[in-house]
Asker: 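Structure below; questions to follow.
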2 protein chains.
Amino acid sequence: MTASDSGELDFWSFVELANRRLSREYGFRHQLATELLLTLNRASNIVTYDLEASVHRPRGLSWSGFRLLFVTWLAGPLEAKKAAELTGMSRAAVSNLAKTLVSDGLLSREPGARDGRSVLLSLTDTGHQEMVEVFRAHNEREDEWAGVLSPEEQRILIMLLDKLVTNRDQFDVRGRN
Amino acid sequence: MTASDSGELDFWSFVELANRRLSREYGFRHQLATELLLTLNRASNIVTYDLEASVHRPRGLSWSGFRLLFVTWLAGPLEAKKAAELTGMSRAAVSNLAKTLVSDGLLSREPGARDGRSVLLSLTDTGHQEMVEVFRAHNEREDEWAGVLSPEEQRILIMLLDKLVTNRDQFDVRGRN
DNA sequence: CCACGCTAGTTAACGCATGTACTAGTTTCA
DNA sequence: TGAAACTAGTACATGCGTTAACTAGCGTGG
């Protein structure tokens with residue numbers, strides 16, 4: 001008797017139940033794929049939510065705000081376009097977000113020298129200090145999460161996740177913009 | 001010379017650059033954890049975005065709408081609370097979403113028998129047909145994604161992702177509501 | 001050399017998720 | 001039994017991300 005039979009349904013017994021019904025009642029064939037993507041999605045959401053709630057929100061940053069500041073911090077002054085690519089956001093999202101981060105005094109926006117259309121994003125001094133500070137907490141928390149896996153397992157996981165998304169030229173993926 | 005040195009910055013050369021700067025310039029120690037969570041987040045976002053854009057949006061469903069219908073479909077009539085747990089959404093999100101899905105004629109909402117406060121969600125006939133239909137496309141797409149990994153690799157990936165999130169009782173994680 | 005097409009960024013309208021505060025039903029236990 | 005604590009669901013205000021339409025600068029080829 002499984003948890004799903006007893007009425008105590010958690011994520012894993014749901015996955016089990018879903019697999020069973022999808023294959024037996026409906027004849028769908030790619031159970032493992034479903035299980036993989038369900039698990040991937042869930043893991044990412046749980047970790048992200050925890051980091052946002054425990055590290056960033058208390059300091060007044062949204063998850064996206066942090067990501068934008070993070071890439072700007074480490075990849076130097078960046079064109080907005082590039083920042084969008086690196087963070088995986090749309091250009092519009094970067095534009096909106098930059099507006100609020102500029103008014104918070106964390107980010108600075110100046111016209112690009114070579115291309116008159118472009119905008120260069122960089123951290124203000126305050127923004128830089130803030131990132132060093134915030135990342136300290138962020139990195140400790142990351143380590144707590146990753147720490148349940150051995151370094152070996154972490155490397156394998158990174159490798160597999162990477163393989164999952166980089167071999168995607170084999171079919172045409174819908175990406176942003 | 002790496003891509004990041006040459007100015008052609010993509011996700012991977014950014015991660016490399018970030019690792020270098022975080023450890024050499026700032027002395028942060030948990031590089032692998034950062035890399036893991038960055039990769040996890042990115043993989044999940046890419047796959048999710050693709051599924052939503054290629055399968056669900058064209059049929060008028062949002063990603064969350066699909067997830068709610070999916071658990072309702074397979075886990076039978078469900079209390080809203082349970083649906084929130086299984087999908088990882090907040091109770092408020094389920095409530096909002098249910099409202100629109102009900103008015104789309106896909107979902108039905110009736111008062112729970114045993115508990116007067118609760119609401120039971122189930123699919124309408126239309127909703128059921130729709131899910132069988134939509135999931136066909138969804139599952140094919142999932143298979144295209146998962147297909148770049150061998151079944152063995154997929155199982156390892158699932159196992160590692162699971163381990164990452166289930167051993168989290170060791171520290172107090174911030175979850176939804 | 002200039003018109004057309006392309007690209008960077010912004011804006012506006014919209015959808016959706018969140019937290020908070022509230023209503024109402026349930027459970028506990030003195 | 002009845003008051004207090006708790007729980008399920010919802011309404012509301014807010015914030016953020018999306019797409020689509022627009023502005024403005026770039027660059028190419030007739």
Side-chain angles (χ1 to χ4, degrees), chain A residues 41 45-46 48-54 56-58 60-69 77-104 107 109-121 174-177, chain B residues 41 45-46 48-54 56-58 60-69 72 77-104 107-121 174-177:
Chain A
N41 205 150
N45 288 344
I46 289 176
T48 300
Y49 187 91
D50 171 71
L51 280 163
E52 178 166 23
S54 68
H56 301 295
R57 288 290 178 193
L61 277 179
S62 68
W63 177 246
S64 306
F66 169 74
R67 267 162 53 226
L68 180 53
L69 292 176
L78 271 180
E79 295 185 359
K81 172 81 185 306
K82 205 68 193 170
E85 282 176 31
L86 292 178
T87 56
M89 308 182 212
S90 65
R91 287 176 304 137
V94 169
S95 179
N96 281 327
L97 206 41
K99 197 165 30 175
T100 77
L101 292 172
V102 165
S103 78
D104 291 346
L107 200 63
R109 194 171 29 177
E110 31 185 333
R114 289 182 24 204
D115 186 332
R117 292 165 302 179
S118 75
V119 162
L120 279 185
L121 302 175
R174 303 289 291 268
R176 272 180 183 85
N177 289 33
Chain B
N41 204 150
N45 288 342
I46 290 175
T48 301
Y49 188 90
D50 171 71
L51 280 163
E52 177 167 23
S54 68
H56 301 295
R57 288 291 177 193
L61 276 180
S62 68
W63 177 247
S64 306
F66 168 73
R67 266 159 55 224
L68 180 53
L69 292 176
T72 307
L78 270 180
E79 294 186 358
K81 171 81 185 305
K82 205 67 193 169
E85 281 175 32
L86 292 178
T87 55
M89 306 184 214
S90 66
R91 286 177 305 140
V94 169
S95 179
N96 281 329
L97 207 41
K99 195 164 32 173
T100 77
L101 292 172
V102 165
S103 78
D104 291 346
L107 200 63
S108 127
R109 195 172 26 178
E110 31 185 335
R114 290 184 22 206
D115 187 331
R117 292 165 302 179
S118 74
V119 164
L120 278 186
L121 302 176
R174 303 289 290 270
R176 269 178 188 87
N177 286 48

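All values derive from a computational prediction rather than experimental measurement. Below, chain A is the first sequence line, B the second, and so on; all start at residue 1.
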Asker: Rounded to whole angstroms, how far apart are CD on E52(B) and C1' on dC16(C)?
Answerer: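 Rounded to the whole Å, the gap is 10 Å.
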Asker: Within this structure, what is the NE2-to-P distance between H56(B) and dT18(D), rounded to whole angstrom?
Answerer: 17 Å
Asker: If you round to the nearest 0.5 Å, how far is CG of L120(B) from NZ of K82(B)?
Answerer: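 With rounding to 0.5 Å, NZ (K82(B)) is 13.0 Å from CG (L120(B)).
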Asker: Quick one, L101(A) and L121(A) - any side-chain contact, counting heavy atoms below 4.5 Å?
Answerer: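 A side-chain contact is absent here, since even the closest heavy-atom pair is not under 4.5 Å.
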Asker: Can you measure L97(B) atom CG to dT18(C) atom C1' for me and round it to whole angstrom units?
Answerer: 14 Å
Asker: Between N or O atoms, less than 3.5 Å apart, protein on one side and nucleotides 3-10 of chain C on the other: list the pairs.
Answerer:
{"unit_1": "dT7(C)", "atom_1": "O2", "unit_2": "R117(A)", "atom_2": "NH1", "d": "2.7"}
{"unit_1": "dA8(C)", "atom_1": "OP1", "unit_2": "K81(A)", "atom_2": "NZ", "d": "3.3"}
{"unit_1": "dA8(C)", "atom_1": "OP2", "unit_2": "K81(A)", "atom_2": "NZ", "d": "3.4"}
{"unit_1": "dG9(C)", "atom_1": "OP1", "unit_2": "A80(A)", "atom_2": "N", "d": "3.1"}
{"unit_1": "dG9(C)", "atom_1": "OP1", "unit_2": "V119(A)", "atom_2": "N", "d": "3.1"}
{"unit_1": "dG9(C)", "atom_1": "OP1", "unit_2": "V119(A)", "atom_2": "O", "d": "3.4"}
{"unit_1": "dG9(C)", "atom_1": "OP2", "unit_2": "K81(A)", "atom_2": "N", "d": "2.6"}
{"unit_1": "dG9(C)", "atom_1": "N7", "unit_2": "R91(A)", "atom_2": "NH1", "d": "2.4"}
{"unit_1": "dT10(C)", "atom_1": "OP1", "unit_2": "R109(A)", "atom_2": "NH1", "d": "3.3"}
{"unit_1": "dT10(C)", "atom_1": "OP2", "unit_2": "S95(A)", "atom_2": "OG", "d": "2.8"}
{"unit_1": "dT10(C)", "atom_1": "O5'", "unit_2": "S95(A)", "atom_2": "OG", "d": "3.2"}

Asker: Nearest whole angstrom, please: distance from the P of dT18(C) to the CG of D50(A).
Answerer: 15 Å
Asker: State whether the side chain of S103(A) and the backbone N or O of T100(A) hold a donor-acceptor pair below 3.5 Å, judged by distance alone.
Answerer: yes
Asker: Tell me the interatomic distance from Y49(B), atom OH, to dT18(D), atom P, rounded to whole angstroms.
Answerer: 7 Å
Asker: Think S90(A) has a side-chain N or O under 4.0 angstrom from the OP1 or OP2 of dT18(D)?
Answerer: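 Yes, such a contact exists.
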Asker: Could you pull out all residues at least two apart from E79(B) that satisfy side chain to side chain donor-acceptor pair (under 3.5 Å)?
Answerer: none
Asker: Distance check needed: dG15(C) P versus L101(B) CG, whole Å only.
Answerer: 14 Å
Asker: Check the distance between dA8(D)'s C1' and L78(B)'s CG and give it to me in whole angstrom.
Answerer: 14 Å
Asker: Distance from L68(A) atom CG to M89(A) atom CE, nearest 0.5 Å?
Answerer: 5.0 Å
Asker: Taking side-chain contact (heavy atoms from CB on, under 4.5 Å) as the definition, give me every residue that meets it alongside R57(A), ordered by chain and number, with sequence neighbours left out.
Answerer: E52(A), S62(A)
Asker: Quick one: R114(B) CZ to dT26(C) P, roughly how many Å, whole number?
Answerer: 11 Å
Asker: Start at the 5' end of DNA chain D and walk down; is the nucleotide closest to W63(A) or to G116(A) reached first?
Answerer: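 Comparing both residues, the 5'-ward one is W63(A).
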